Amino acid sequence: MKYLSEWDQWKRYSSKSWKRFLEKTHEMMTHLELWRKDIRSIEGKFGTGIRSYFSFLRFLVLLNLVMFLIIFLLVLLPVFLTKFKITNSTFVLIPFKDMDIQCTVYPVSSSGLIYFYSYIIDLLSGTGFLEETSLFYGHYTIDGVRFQNFTYDLPLAYLISTIAYLALSLLWIVKRSVEGFKINLIRSEENVQSYCNKIFAGWDFCITNRSMAELRHSSLRYELRADLEEERIRQKIAERTSEETVRIYSLRLLLNCVVLAVLAACFYAIYIATTFSQEHMKKEIDKMVFGENLLVLYLPSIVITLANFITPIIFTKIIRYEDYSPGFEVRLTILRCVFMRLATICVLVFTLGSKITSCDDVTCELCGYNQRLYPCWETQVGQEMYKLMIFDFIIILAVTLFVDFPRKLLVTYCSSWKLVQCWGQQEFAIPENVLGIVYGQTICWIGAFFSPLLPAIATVKLIVIFHVKELSLLYTCRPSPRQFRASNSNFFFLLVLLIGLCLAVIPLTISVSRIPSSKACGPFTNFNTTWDVIPSTVSTFPSSLQSLVHGITSEAFAVPFFMIICLIMFYFIALAGAHKRVVDQLREQLSLESRDKRYLIQKLTEAQKDTRNQVA
């Protein structure tokens with residue numbers, strides 16, 4: 001330092017101080033992490049694989065909370081400030097344009113004599129009194145909010161909030177995925193080096209608490225077990241004969257045919273249930289008994305939930321006969337369940353879309369959609385997403401309370417019964433639990449446009465699920481006999497979540513850009529489609545700014561931009577390949593140096609023995 005100039009000394013001192021500040025800030029933030037103590041305890045008792053599930057659940061809680069804050073600030077807050085007279089602002093009503101009066105008819109529920117169970121049906125299905133609240137799209141039938149100095153464009157803000165929460169979800173997931181991918185690259189070393197790193201460099205010497213030390217011991221023990229289990233599977237695969245290889249591949253082919261048959265049966269059942277429900281849900285409540293009405297409203301949700309509950313069990317049983325490693329078993333089971341669960345939402349949305357756009361009368365041709373059955377189709381799609389989320393939450397609680405806990409009691413106090421011995425104690429299945437929350441998150445992404453308060457409901461739901469699953473894990477489940485590696489699981493969980501996000505974008509894009517918006521409700525009644533609010537807003541810009549926007553969105557800009565992006569991508573791919581080759585060469589050099597050291601030590605030992613023999 002004394003040979004540097006004063007400016008260089010100040011820069012180095014500032015750099016060190018800033019790094020120290022960032023380290024202290026990061027250390028303080030780790031203590032403020034949500035459920036930090038609970039997740040550490042779970043890691044010590046059940047391993048890093050199950051810890052990764054609860055960390056993933058915590059991430060989704062924060063994601064849904066941020067999504068709700070975006071929608072609240074852009075859409076709900078201006079409406080609430082005006083509705084409750086908190087600010088000096090007024091609503092700007094949607095100006096009436098030339099449209100057929102039949103398209104603007106939106107029948108509301110009658111206010112006559114209402115049975116008590118009708119409120120229960122409304123609460124579970126989103127109909128009745130809930131349909132006219134801020135929970136659904138149809139409530140926001142205003143053009144804007146006029147403050148003292150400006151007018152807030154609510155239709156534009158509504159669409160921007162949807163784009164914002166989808167973009168934020170994508171960036172956040174990609175960021176965490178990149179971090180997990182880096183960890184996977186770092187930990188992709190040889191097995192012997194992995195064991196050495198865990199045994200000789202895996203301990204955190206900053207731990208001073210005895211309980212935390214025991215948890216760290218348990219975590220390292222579980223990681224070593226996972227490594228040894230994968231090594232055992234690799235050795236078993238290497239020792240297979242040709243007959244065993246042919247037999248196992250034939251068995252896998254047969255079992256995959258069974259998986260495809262199960263998926264096809266589930267998709268067909270969901271299509272039939274959705275069609276039947278949509279055709280019969282328009283009957284009057286007083287013409288049905290309580291159970292019949294609730295069954296018709298919830299029939300698609302019931303069939304989808306049953307399929308989501310049964311198929312993971314089938315897939316878990318099937319994969320045990322396919323003889324894969326524990327980590328690959330988790331990933332393959334999750335992929336199968338992802339395809340099934342997310343495809344069920346696709347079948348439901350496709351069926352609803354076909355019913356909404358099917359025109360069989362004059363009114364449908366005038367409005368562009370089936371106005372007679374779906375006067376406010378966005379609200380009704382939101383009700384379907386709301387029912388899926390509520391029913392999924394009810395099923396999770398019911399299974400935990402009425403299946404897992406009684407099963408634990410039977411195993412504890414009736415262990416001599418043969419049926420109980422065959423059933424055994426509940427094992428915490430990571431693939432099934434991960435798919436459950438990914439499925440719920442996909443519903444939230446799709447439904448947040450049609451039901452703005454759905455992210456808030458999802459946040460509360462995930463918080464309750466965390467504590468319910470934690471209690472179930474601690475008191476009713478046993479540690480899995482097969483160990484899972486957390487580093488690979490974290491990256492794969494985020495990859496599955498990214499697939500769910502991509503799936504959610506498809507129906508939202510079609511709804512916004514292709515299907516005509518409802519003329520009887522919502523902020524987009526004066527636009528042919530929801531996306532038309534963007535060109536309408538751009539047309540109010542100055543001419544120079546309009547030319548810039550049109551130029552950026554034209555093909556003349558898109559094609560060169562795409563080519564440049566492809567060239568940059570190819571450059572980074574080539575750079576990554578070169579780095580990988582350099583890393584492989586360095587590892588080979590380290591291996592050669594270790595062999596040379598071993599050879600020299602062996603020669604030195606032999607020379608010492610010869611010297612001792614000569615002296616003797």
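Computed from a prediction, not measured in an experiment: that's the story for all the values here.
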*Which atom pair, heavy atoms only, marks the closest approach of Ala273 to Pro300?*
O-CG, 4.1 Å
*Heavy-atom pair with the smallest gap, counting every atom of Trp445 and Ser169*: NE1-OG, 3.1 Å
*Show your working on side chain to side chain contact (heavy atoms under 4.5 Å, CB included) between Val381 and Phe449 and close with a plain yes or no.*
CA-CA 10 Å; Val381 173; Phe449 176 78; over 6 Å; no
*asked:* So does Val468 get a backbone contact from the side chain of Ser472, meaning a donor-acceptor N/O pair under 3.5 Å?
replied: no
*Distance-minimising heavy-atom pair for Lys469 and Tyr53*: CG-OH, 3.7 Å
*Taking it one step at a time, do Gln589 and Leu586 satisfy side chain to side chain contact (heavy atoms under 4.5 Å, CB included)?*
CA-CA 5 Å; Gln589 291 180 8; Leu586 291 174; 4.0 Å; yes
*Rounded to the nearest 0.5 Å, how far apart are CD1 of Ile457 and CG of Leu462?*
12.0 Å
_Heavy-atom pair of closest approach, residues Met67 and Tyr165_ = CE-CD1, 3.6 Å
*Met569 atom CE: more than 12 heavy-atom contacts under 6.0 Å*: yes
*Heavy-atom distance under 4.5 Å between the side chains of Leu62 and Trp172, does that happen here?*
yes
*Leu388 side chain near Leu348 side chain, heavy-atom distance below 4.5 Å*: yes
*Would you verify whether the NZ or CZ of Arg176 falls within 45 degrees of the ring axis of Phe59 while also being under 6.0 Å from that six-membered ring's centre?*
yes
*Between Thr311 and Phe315, is a side chain to side chain contact (heavy atoms under 4.5 Å, CB included) present by the stated rule, with each step listed?*
CA-CA 6 Å; Thr311 50; Phe315 294 159; 4.1 Å; yes
*Does Leu495 reach the side chain of Ile173, with side-chain heavy atoms less than 4.5 Å apart?*
no
*Rounded to the nearest 0.5 Å, what separation is found between the OG atom of Ser451 and the CE atom of Met385?*
10.5 Å
*4.5 Å side-chain heavy-atom contact, Leu170 and Leu166*: no
_Here's a test for you: under side chain to side chain contact (heavy atoms under 4.5 Å, CB included), which of Leu254, Val258, Asn256 qualifies with Ile318?_
Val258
*asked:* Does any part of the side chain of Gln441, heavy atoms only, come nearer than 4.5 Å to the side chain of Val438, both counted from C-beta?
replied: no
*Atom CZ of Phe393 with >12 non-hydrogen neighbours under 6.0 angstrom*: yes
*asked:* The test is side chain to side chain contact (heavy atoms under 4.5 Å, CB included); show your working for Ile510 and Val349 and say whether it passes.
replied: CA-CA 11 Å; Ile510 295 174; Val349 173; over 6 Å; no
*Using a 4.5 Å cut-off on heavy atoms from C-beta on, say whether the side chain of Leu255 contacts that of Leu251.*
yes
_Closest contact, heavy atoms only, Met389 versus Gly440_ = CE-O, 3.6 Å
_Closest heavy-atom pair and its distance - Phe450, Leu508_ = CE1-CD2, 3.9 Å
*asked:* Do Tyr386 and Ile443 make a side-chain contact, defined as non-hydrogen atoms from C-beta onward lying under 4.5 Å apart?
replied: no
_Interatomic spacing from CD1 in Ile319 to CG in Leu332 - rounded to 0.5 Å_ = 4.0 Å
*asked:* Distance check, rounded to the nearest 0.5 Å: Leu494 atom CG versus Ile499 atom CD1?
replied: 11.5 Å
*asked:* Nearest 0.5 angstrom please: Thr344 OG1 to Ile304 CD1, how far?
replied: 5.0 Å
_Sub-6.0 Å ring centroid separation between Trp35 and Phe466_ = yes
*With rounding to the nearest 0.5 Å, note down the distance linking CD in Glu470 to CD1 in Ile465.*
14.0 Å
*State, with a plain yes or no, whether a side-chain heavy atom of Ser177 is found less than 4.5 Å away from one of Leu498.*
no
*asked:* Determine whether a donor-acceptor pair (N or O, by modelled atom type, separation under 3.5 Å) exists between the side chain of Asn64 and the backbone of Leu60.
replied: yes
